[in-house]
Enquirer: 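Below are the structure tokens for one structure; questions will follow.
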Amino acid sequence: MIEVVKPADPVDDEIFSFVKFPYGINKAVSSSMLQPEELSDCVDFINKKGKLISRPALVRASTVAITGSVQAVENAVVGGVNQTIVGGADGKIYYMNGTVPTLIGSCEGIPFLVPFLDACLICDGSHLKFVKDTTAVRIAYDTGDGGVQYDNMAGTQDGGLRLNGTSARVGVDFTSETWTSGYTIPPTQIEAYLKRTGAAAGVITARVRLKSDDSILCEKTLTQDAGDISESGELVTVIFDTVTTEMEPATGYYAEFEFTGTSSAYIELMCTAVASGGHGAHFTTVWVADLNLDPVMQVRPGLPPKCSHGCVADRRPELAGDPDNPGWTWSGNYTYLDFSSENIGKVGGGHIGAVDNNRNSFEVGAINSLYGKLFSFGKEDQPFLSRREGESPVDFSYPAMFHQNWTTHRTLINTKNDLFFASEDGVGSLQGVVAYGDIRSFSESDRIEPIIERHWDSATAFAGYDPAYGQYLLYLPSYGKILVCHTRSPFRSGDSDRIEYPWGEYSCPVTPSCFGKFGNSFATGGADGYLYKNDPTAIKDLETESREPFFVTRFKDILFSKAELNEFQPMAHADLGATLEVSIFKERQEVVPCLTFPVTLSVFDGLLIEDATFLVEDAIFPVDGSQTSLGRVLNIEASSVKVKVQVKNIRSGEVLVDGGLIKYTPIPH
């Protein structure tokens with residue numbers, strides 16, 4: 001009997017799909033454990049809901065380097081003009097005059113810039129400073145009730161200094177407060193109690209004079225004539241509109257009133273009688289100290305708060321990082337020149353302590369605002385997250401919301417509809433904390449947690465936000481690459497019901513030292529002192545270095561032991577063409593590919609000749625302009641496979657890559 005052997009059924013070709021990666025990179029597990037939507041590497045790509053787009057080129061925005069590294073870059077209205085303000089590691093402050101950083105002045109430490117109204121505030125760890133024009137860095141001051149150079153307004157009125165002809169000037173001998181030399185503060189206001197005796201008439205002039213040479217800093221004639229001053233005494237307020245010379249720190253001055261009176265018709269400056277050490281003074285032909293009298297008067301302004309960082313919330317400047325009071329946050333009275341005015345309704349300024357009543361034990365690590373609400377974060381040794389409650393400084397409070405969150409002021413960033421923050425524990429978002437609670441088993445950076453855990457340094461980490469692409473960018477200097485969270489491409493992963501965001505990485509042709517804004521562009525401050533910006537129209541980084549973005553997929557195991565990999569078909573597009581370098585890895589080999597080959601992306605068929613920005617001899621498309629197949633025959637036998645795709649020879653602003661397909665034939669057992 002003859003047995004007829006039937007031929008085996010033909011095996012149909014099948015396809016591995018490496019397409020769309022909405023989950024971004026995952027560095028927390030090996031590439032063999034990744035989900036299909038994850039990548040083991042993704043460098044220099046923007047992740048737009050799974051579609052990969054090459055990042056914009058980084059170009060130099062300044063033609064002259066500042067001294068030291070760039071530590072701050074912000075846009076602000078200064079002198080009525082939109083300016084880019086730059087701060088250096090040595091405390092120097094510049095404005096960008098076109099592409100040239102032009103020196104304005106200096107602050108006292110590492111600057112943190114806060115645009116506010118018509119100025120740029122400078123937080124440097126010492127007293128608040130600001131630039132209101134491009135000529136000088138000025139120390140701010142406090143014109144509120146608590147801001148004074150001399151104050152005895154609550155003193156008893158049991159003595160007086162008379163402007164009676166013999167004494168043509170009377171006032172207070174005071175020494176200005178101590179602040180850093182090189183900065184000056186204008187006298188802004190004098191308040192005093194004056195009393196009239198007899199038929200005194202004529203103008204009364206208020207002046208502030210330098211004690212050492214009697215020169216006049218400022219002066220103003222009172223609105224009241226001497227004859228209008230009450231015989232029982234009244235409070236007189238003088239606001240100086242023009243100041244010729246400002247006050248130096250720890251320097252002697254006279255704040256005085258001048259009037260030509262007589263022995264029977266005079267004006268009297270009310271004083272408090274003291275046993276000794278009084279601050280009164282009168283002038284005949286020289287100044288004479290009156291040590292038994294303290295004038296009942298006040299000289300403003302006082303010193304502003306100390307701060308190392310700040311923000312704007314509900315139209316108020318908010319400051320924190322006072323080295324003398326690390327648990328305080330300061331609120332301005334809708335201005336950066338008043339931090340202590342009496343609270344009337346929502347008006348006023350002042351400070352409050354974080355979380356606890358004694359205002360000392362909870363140090364503030366960072367503050368920022370979201371939708372007008374101010375949020376305060378603790379430090380690593382005492383974490384907390386709190387939202388300030390109350391309508392004005394008189395009833396502000398910081399009730400604790402959560403107790404497991406902390407961050408630094410250089411990594412807490414407003415991303416327009418959320419607050420992102422970083423710490424050694426990872427990157428979190430305010431909405432994530434609120435939605436999932438204080439004790440949570442995840443952060444927004446779970447997929448890159450090993451990188452942050454290994455490279456975090458509170459002293460050097462910094463972050464920024466690029467609104468053009470909705471990216472929170474975190475730089476850890478010991479890691480080298482920039483970690484990029486794409487906040488506009490949220491997804492719900494298959495193993496949880498929570499919102500997550502894809503991460504990627506950027507290489508950087510320079511060493512970053514800060515992120516910020518330069519005009520309409522996202523800016524990178526360089527450790528080399530130059531300023532850089534993103535330019536979507538540029539072809540190369542720094543106009544010389546080609547961008548070569550790449551991604552690496554997961555390892556795909558072949559369930560039936562082995563397959564014949566027949567063909568790879570990339571899915572990519574570039575209007576002006578580019579070259580893809582494709583590497584195929586098999587059998588869990590992570591380093592050495594079994595095959596590497598180029599794929600040429602043709603120029604888009606619909607491209608107009610005026611759109612081509614390269615030279616004809618550089619063109620990479622066929623002479624007849626027709627599109628060619630991108631597929632590549634592989635002829636590889638493997639039981640597992642992953643793919644690396646690197647873009648080279650970019651000739652347009654961006655290249656779009658969706659991934660690729662591998663056609664294979666199963667090898668039967």
Side-chain angles (χ1 to χ4, degrees), residues 18-29 34-56 368-371 373 375 377 385 401-402 404-405 407 411-423 425-452 463-475 481-506 515 522 534 549 551 553-554 654 656-659:
F18 298 96
V19 180
K20 300 286 188 185
F21 309 101
Y23 292 7
I25 61 173
N26 189 341
K27 298 289 188 176
V29 298
L34 297 179
Q35 300 180 61
E37 299 89 350
E38 293 177 325
L39 293 167
S40 59
D41 276 299
C42 185
V43 178
D44 289 339
F45 278 112
I46 300 165
N47 192 321
K48 191 173 182 179
K49 297 188 181 298
K51 181 186 291 291
L52 303 181
I53 305 170
S54 59
R55 67 161 171 83
N368 213 325
S369 65
L370 184 65
Y371 302 130
K373 296 292 185 180
F375 292 85
F377 289 76
L385 167 59
M401 293 173 61
F402 304 102
Q404 300 295 320
N405 300 280
T407 190
T411 63
L412 175 60
I413 304 293
N414 185 315
T415 61
K416 304 309 177 187
N417 63 355
D418 204 347
L419 292 180
F420 271 67
F421 56 93
S423 71
D425 300 327
V427 176
S429 70
L430 181 63
Q431 292 185 12
V433 174
V434 172
Y436 297 103
D438 192 29
I439 307 298
R440 63 197 199 283
S441 60
F442 71 92
S443 70
E444 306 296 358
S445 58
D446 278 353
R447 287 177 164 80
I448 59 166
E449 190 59 34
I451 298 174
I452 296 177
Y465 179 69
D466 185 354
Y469 303 103
Q471 297 170 335
Y472 174 82
L473 299 98
L474 175 64
Y475 185 67
K481 290 196 286 287
I482 301 169
L483 298 168
V484 183
C485 179
H486 300 86
T487 68
R488 289 186 192 160
S489 298
F491 63 89
R492 292 185 185 273
S493 63
D495 56 0
S496 72
D497 191 40
R498 67 182 178 88
I499 296 295
E500 297 184 64
Y501 303 93
W503 286 84
E505 297 176 326
Y506 280 177
F515 299 128
F522 180 76
N534 287 352
F551 68 87
T553 69
R554 65 172 181 149
E654 60 182 31
L656 285 71
V657 183
D658 276 340

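Counting begins at 1 with the first residue of the sequence.
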Enquirer: Look at the side chain of Asp418 and the backbone N and O of Gln431, then say whether any donor-acceptor pair between them is shorter than 3.5 Å.
Expert: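 A pair under 3.5 Å: yes.
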
Enquirer: Looking at Ser443 and Gly428, would you say the former's side chain and the latter's main chain have a donor-acceptor pair under 3.5 Å?
Expert: no

Enquirer: For the CZ atom of Phe421 and the CG atom of Leu474, what is their distance to the nearest 0.5 Å?
Expert: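 Phe421 CZ to Leu474 CG: 12.5 Å, rounded to 0.5 Å.
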
Enquirer: Between Trp503 (side chain only) and Glu444 (backbone N and O only), is there a donor and an acceptor less than 3.5 Å apart?
Expert: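 Yes.
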
Enquirer: Looking only at atom types and distance, does a side-chain atom of Thr407 sit under 3.5 Å from a main-chain N or O of Ser423, one as donor and one as acceptor?
Expert: no

Enquirer: Under the rule for side chain to side chain contact (heavy atoms under 4.5 Å, CB included), what residues qualify as partners of Asp41, not counting sequence neighbours?
Expert: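 For Asp41, the residues satisfying side chain to side chain contact (heavy atoms under 4.5 Å, CB included) (neighbours in sequence not counted) are Lys27, Glu505, Phe550, Val552.
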
Enquirer: Please name all residues satisfying side chain to side chain contact (heavy atoms under 4.5 Å, CB included) with Ala28, sequence neighbours left out, ordered by chain then number.
Expert: Asn26, Pro450

Enquirer: Restricting to ring-ring contact (aromatic ring centres under 6.0 Å, His included), what partner residues turn up for Phe420, sequence neighbours left out?
Expert: Tyr472, Tyr501

Enquirer: Between Asp466 and Leu473 (side chain of the first, backbone of the second, donor and acceptor by atom type, cut-off under 3.5 Å), is there such a pair?
Expert: no

Enquirer: Step through the shown structure and confirm whether more than 12 heavy atoms of other residues, nucleotides or ligands are within 6.0 Å of NZ on Lys416.
Expert: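 For Lys416, atom NZ is not crowded (no more than 12 foreign heavy atoms under 6.0 Å).
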
Enquirer: Are Phe377 and Asn368 packed together at the side-chain level, in the sense that at least one heavy-atom pair is separated by less than 4.5 angstrom?
Expert: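 SC-SC contact between Phe377 and Asn368 ruled out.
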
Enquirer: Taking Ser445 for the side chain and Val427 for the main chain, is one N or O donor matched with an acceptor at less than 3.5 Å?
Expert: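 A pair under 3.5 Å: yes.
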
Enquirer: Taking the side chain as C-beta and beyond, is there a heavy-atom pair between Lys49 and Arg488 under 4.5 Å?
Expert: no

Enquirer: Is there a side-chain contact between Leu34 and Ser40, using heavy atoms and a 4.5 Å cut-off?
Expert: yes

Enquirer: Test of understanding: with side chain to side chain contact (heavy atoms under 4.5 Å, CB included), list the residues that count as partners of Asn47, not counting sequence neighbours.
Expert: Leu52, His486, Pro502

Enquirer: For Glu654, give me all partners under salt bridge (charged side-chain N to carboxylate O under 4.0 Å, His left out), at least two apart in sequence or on another chain.
Expert: none

Enquirer: Phe522: which residues meet the ring-ring contact (aromatic ring centres under 6.0 Å, His included) condition with it, sequence neighbours left out?
Expert: Phe515

Enquirer: In terms of heavy-atom contacts, does NZ of Lys48 have more than 12 from other residues, nucleotides or ligands at under 6.0 Å?
Expert: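 Atom NZ in Lys48 is not packed in, count stays at 12 or less.
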
